[in-house]
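Counting from 1, the numbers follow the sequence of the chain as shown. Being a predicted model, the structure only gives us computed values, none of them experimental.
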Amino acid sequence: MITIITEDMKRNGFKIGVTLALLLLCGYYLYPTVRYALLQRKLNRMSEEERAAFIEANYGTIQSLRERALKLGLDLQGGMHVTLEVRVDALIRELATDVDETFEEVLAAARERARSGDVSLIDAFVEEFERRDPNARLSRYFRNPDAGITRRSSNEEVAAYLRQQAEEAVNRAIEIIRDRVDRYGVTEPVIQKQGTRRIVVELPGVDDPERVRRLLRGTARLEFRLMADPQLLQAALQDIIAYYEPDTTATSDTLAAADTAAADTSLAALLGEQPSPERPRNPLLAVMQPVGQGVVFGIVAGPDTAEVNRLLRNPEVQALLPSGIELLYTANPVGTDEQGRPLYYLLGVRKDVELTGEVITDARVEFDELNRPQVSMTMNSEGARIWARLTGANVGKHIAIVLDNVVYSYPVVNERIPSGRSSITGLDSREEAQDIVTVLKSGALPAPVDIIEERTVGPSLGEASIRAGLRSVLTGLLLVALFMIFYYRTGGMIADLALVLNIIFILGILAAFNATLTLPGIAGIVLTIGMAVDANVLIFERIREEQATGKTLRAAIDLGYSKSFSAIFDANITTFFTGAILYSFGVGPIQGFAVTLMAGIAASMFSAIVITRIIFDYLVLERKLMVSVG
């Protein structure tokens with residue numbers, strides 16, 4: 001008998017060592033979480049000035065604790081949930097080597113059909129094309145010898161090529177967005193493909209939605225273009241004003257006077273002065289202030305840009321612009337009007353692209369002599385050669401630096417630049433400069449993306465979710481604990497102790513594997529509380545049965561654990577595989593639930609079978625106590 005007890009205690013010594021090692025390991029991984037929570041509580045008690053000073057003085061420590069602390073999901077921490085859709089129609093147009101009026105009509109009809117039905121845009125495009133002319137070949141618009149698409153390619157081959165390009169565009173977009181988000185510094189983002197052309201992005205802890213929208217939506221298409229001839233642009237401005245002038249008999253003198261008055265109004269608004277109460281009857285001049293200076297076509301208030309765009313899209317108005325010229329806005333406002341609305345320059349820019357962002361090898365944030373942020377760019381050898389030729393041939397002229405169809409700067413070339421270096425100036429803040437660097441380094445999206453769904457979870461709602469989750473866990477734990485003590489007496493108390501350790505193990509596993517705790521994850525913890533005591537219920541009932549046959553407590557405990565193991569193992573392993581399947585094929589909240597479920601099963605198996613057995617052996621073998629299981 002003494003020999004058996006000694007062997008059991010040696011075996012328990014190993015189990016105790018493993019248990020203590022796991023507890024220490026969990027404590028190690030949970031320690032940053034505890035410290036970070038206490039630090040947040042301390043910061044919340046400080047004033048704004050004290051908080052700012054404390055964060056600046058301890059920035060490195062705070063960042064380290066934040067990175068190592070248990071990650072909270074979007075529903076607990078707050079942040080943004082965004083669904084993006086890749087513009088396949090824009091991709092099709094870009095892949096086309098020859099575009100005519102028929103192509104645009106077919107693409108527009110396919111876009112409407114795809115929007116109203118369940119057919120893909122590519123299938124709708126091919127079907128609409130063949131419906132109009134069954135004998136026509138799509139290869140007349142799409143030729144890519146590298147991809148095997150020639151003039152003789154069938155419509156099926158072209159359609160397969162378009163589908164492949166669309167799939168690759170979505171996958172490439174996911175990679176670029178993930179790189180942008182990583183550079184932005186979001187902790188534990190979720191970026192997943194949904195369907196064939198949608199991307200779901202979850203960004204916990206984000207507190208600047210507009211900045212995130214720009215970061216996700218920007219195609220990062222950087223272009224260097226020459227600008228319009230000032231004389232031709234100003235002549236076109238006069239003609240367009242005359243086109244919209246209500247009095248068709250107005251003389252050139254009256255038009256010039258109206259132009260001058262409007263220009264004076266624009267300068268007064270830009271300088272913060274009170275404008276003249278007189279307003280032109282011309283619909284264009286009602287929403288745009290013409291500027292008769294250089295490459296600036298006019299000044300437009302932010303809310304009026306849509307109306308100005310509508311007026312300028314008129315085909316007859318477009319025909320009045322100089323050939324090969326389009327009008328683009330500046331990225332940042334140049335001032336405000338008397339109502340506080342931001343004002344933007346409308347510039348004349350050539351459509352031909354002289355150089356693209358593909359030649360950029362490096363981009364970084366720098367500051368000029370006035371401490372204003374700018375983005376410094378370095379080009380490769382080919383880009384440097386073209387840039388030297390471009391600047392050398394246009395000394396004294398403006399060159400527009402265009403990013404995603406807005407002009408960030410349009411400096412005058414003072415001399416030939418042979419080094420392949422250029423800068424984007426006129427930026428509002430260091431954050432804007434850093435975002436431009438982020439999108440340039442990540443690369444251009446293969447096609448534009450639209451935000452089709454957006455949800456913002458505020459920090460206060462996240463805190464409410466945390467409180468509700470903790471309340472549910474504690475309530476469930478208390479009810480289960482009371483039931484176990486009431487029904488199984490001492491055995492129930494042992495099971496409750498193992499249950500508390502089980503929760504510590506779960507949180508430690510999540511922290512160790514850098515997993516994210518979500519609201520469904522808390523539901524998974526509540527579920528594992530019930531599953532953990534379920535294993536002990538099987539063991540205790542088996543012990544009761546063995547005691548009822550006249551066996552000693554020692555023998556009943558041995559048989560209760562050994563004979564219950566197969567049932568406990570089978571039940572838990574099947575649930576674990578279910579969690580693995582949910583994690584593999586689920587997204588977002590489903591994955592959060594699956595992670596905590598699997599961690600809970602592993603922890604509950606250990607606590608229910610190993611820890612409770614250690615305590616039973618200690619009480620029965622060491623202390624010689626009569627332990628009741630009800």
Checklist line | Polar side chain donor-acceptor pair, Gln234 to Gln238, under 3.5 angstrom | finding: no

Check: Arg385 versus Val359: any side-chain heavy-atom pair under 4.5 Å?
Finding: no

Margin query: In the structure I gave you, are the side-chain heavy atoms of Val406 and Tyr344 within less than 4.5 Å of one another anywhere?
Written below: no

Next item on the list: Give a yes or no answer on whether the side chain of Glu50 reaches the backbone of Ser47 with a donor-acceptor pair at less than 3.5 Å.
Entry: yes

Margin query: To check you understand the geometry: which heavy-atom pair defines the closest contact between Lys193 and Val170, and what is its length?
Written below: CE-CG1, 3.9 Å

Next item on the list: Could you pull out the closest heavy-atom pair between Leu233 and Gly294, with the gap in Å?
Entry: CD2-O, 4.0 Å

Notebook entry, point to check: If only atom types and distance count, is the side chain of Gln318 paired as donor or acceptor with the main-chain N or O of Leu312 below 3.5 Å?
Noted result: yes

Check: Trp387 and Arg421: which non-hydrogen atoms are nearest, and at how many Å?
Finding: NE1-O, 3.2 Å

Next item on the list: Indicate yes or no: at least one non-hydrogen side-chain atom of Arg430 is less than 4.5 angstrom from one of Val365.
Entry: yes

Item checked: 4.5 Å side-chain heavy-atom contact, Ile386 and Phe224 -> no

Check: So how far is it from Arg197 CZ to Ile122 CD1, rounded to the nearest 0.5 Å?
Finding: 9.0 Å

Checklist line | Note: Arg132-Glu128 ion pair, threshold 4.0 Å (strictly below) | finding: yes

Note to self: Test side chain to side chain contact (heavy atoms under 4.5 Å, CB included) on Phe297 and Val291; report intermediate values, then the result.
What the structure shows: CA-CA 6 Å; Phe297 187 82; Val291 177; over 6 Å; no

Checklist line | Atom pair CD (Glu175) and CD1 (Ile191), whose distance is rounded to the nearest 0.5 Å | finding: 11.0 Å

Note to self: Quick check on Glu415: does its CD atom have over 12 non-hydrogen neighbours (other residues, nucleotides or ligands) under 6.0 Å away?
What the structure shows: no

Item checked: Minimal non-hydrogen separation, Thr330 against Val334, with atom names -> OG1-CG1, 4.4 Å

Notebook entry, point to check: Using the ring of each side chain (for Trp, its six-membered ring), is Tyr141 parallel, tilted or perpendicular to Phe103, with breaks at 30° and 60°?
Noted result: tilted

Next item on the list: Compare every heavy atom of Gly383 with every heavy atom of Leu355, then report the nearest pair and how far apart it is.
Entry: CD2-O, 4.0 Å

Notebook entry, point to check: When you measure from the side chain of Thr391 to the backbone N and O of Ile417, does any donor-acceptor pair fall under 3.5 Å?
Noted result: yes

Notebook entry, point to check: When rounded to the nearest 0.5 angstrom, what is the spacing between CD in Gln165 and CD1 in Ile149?
Noted result: 9.0 Å

Check: So with a 6.0 Å cut-off around CZ of Arg364, is the heavy-atom count from everything else above 12?
Finding: no

Next item on the list: Report the C-alpha separation of Asn394 and Glu354 in whole Å, then their side-chain angles, then the decisive distance to 0.1 Å, and conclude whether the side chain to side chain contact (heavy atoms under 4.5 Å, CB included) test is met.
Entry: CA-CA 12 Å; Asn394 293 278; Glu354 304 292 337; over 6 Å; no

Item checked: Flag, side chain of Ser153 to backbone of Ser139, donor-acceptor distance under 3.5 Å -> no

Next item on the list: With the side chain counted from C-beta on, respond yes when Asn309 and Leu346 share a heavy-atom pair under 4.5 Å apart, and no when they do not.
Entry: no

Checklist line | Carboxylate-amine/guanidinium contact Arg198 Glu453, below 4.0 Å | finding: no

Margin query: I'd like to check Phe129 versus Val158 (side-chain heavy atoms, cut-off strictly below 4.5 Å). Are they in contact?
Written below: no

Item checked: Separation of Ile325 CD1 from Leu232 CG (nearest 0.5 Å) -> 8.0 Å

Next item on the list: Quick one: pull up CG in Leu284 and CD1 in Ile241 and give me the separation to the nearest 0.5 Å.
Entry: 6.5 Å

Note to self: Please check this pair: side chain of Thr361 against backbone of Thr378, looking for a donor-acceptor N/O pair closer than 3.5 Å.
What the structure shows: yes

Item checked: Derivation and outcome, side chain to side chain contact (heavy atoms under 4.5 Å, CB included), residues Phe125 and Val88 -> CA-CA 11 Å; Phe125 177 75; Val88 178; over 6 Å; no

Next item on the list: Mind checking the CG-CZ spacing from Asn155 to Phe142? Nearest 0.5 Å is all I need.
Entry: 10.5 Å

Margin query: Any heavy-atom pair between the side chains of Met288 and Ile240 that's under 4.5 Å?
Written below: no

Next item on the list: Give the intermediate values and the outcome of side chain to side chain contact (heavy atoms under 4.5 Å, CB included) for residues Ile177 and Ile199.
Entry: CA-CA 9 Å; Ile177 289 172; Ile199 304 169; 4.0 Å; yes

Next item on the list: Kindly indicate whether the side chain of Arg137, heavy atoms from C-beta on, has any atom under 4.5 Å from the side chain of Arg151.
Entry: no

Note to self: If we check side chain to side chain contact (heavy atoms under 4.5 Å, CB included) with Glu223, which of these qualifies: Val349, Leu403, Val402, Val407?
What the structure shows: Val402

Note to self: Please find the pair of heavy atoms, one from Ser376 and one from Ser423, that lie closest to each other, and give the distance.
What the structure shows: CA-OG, 4.1 Å

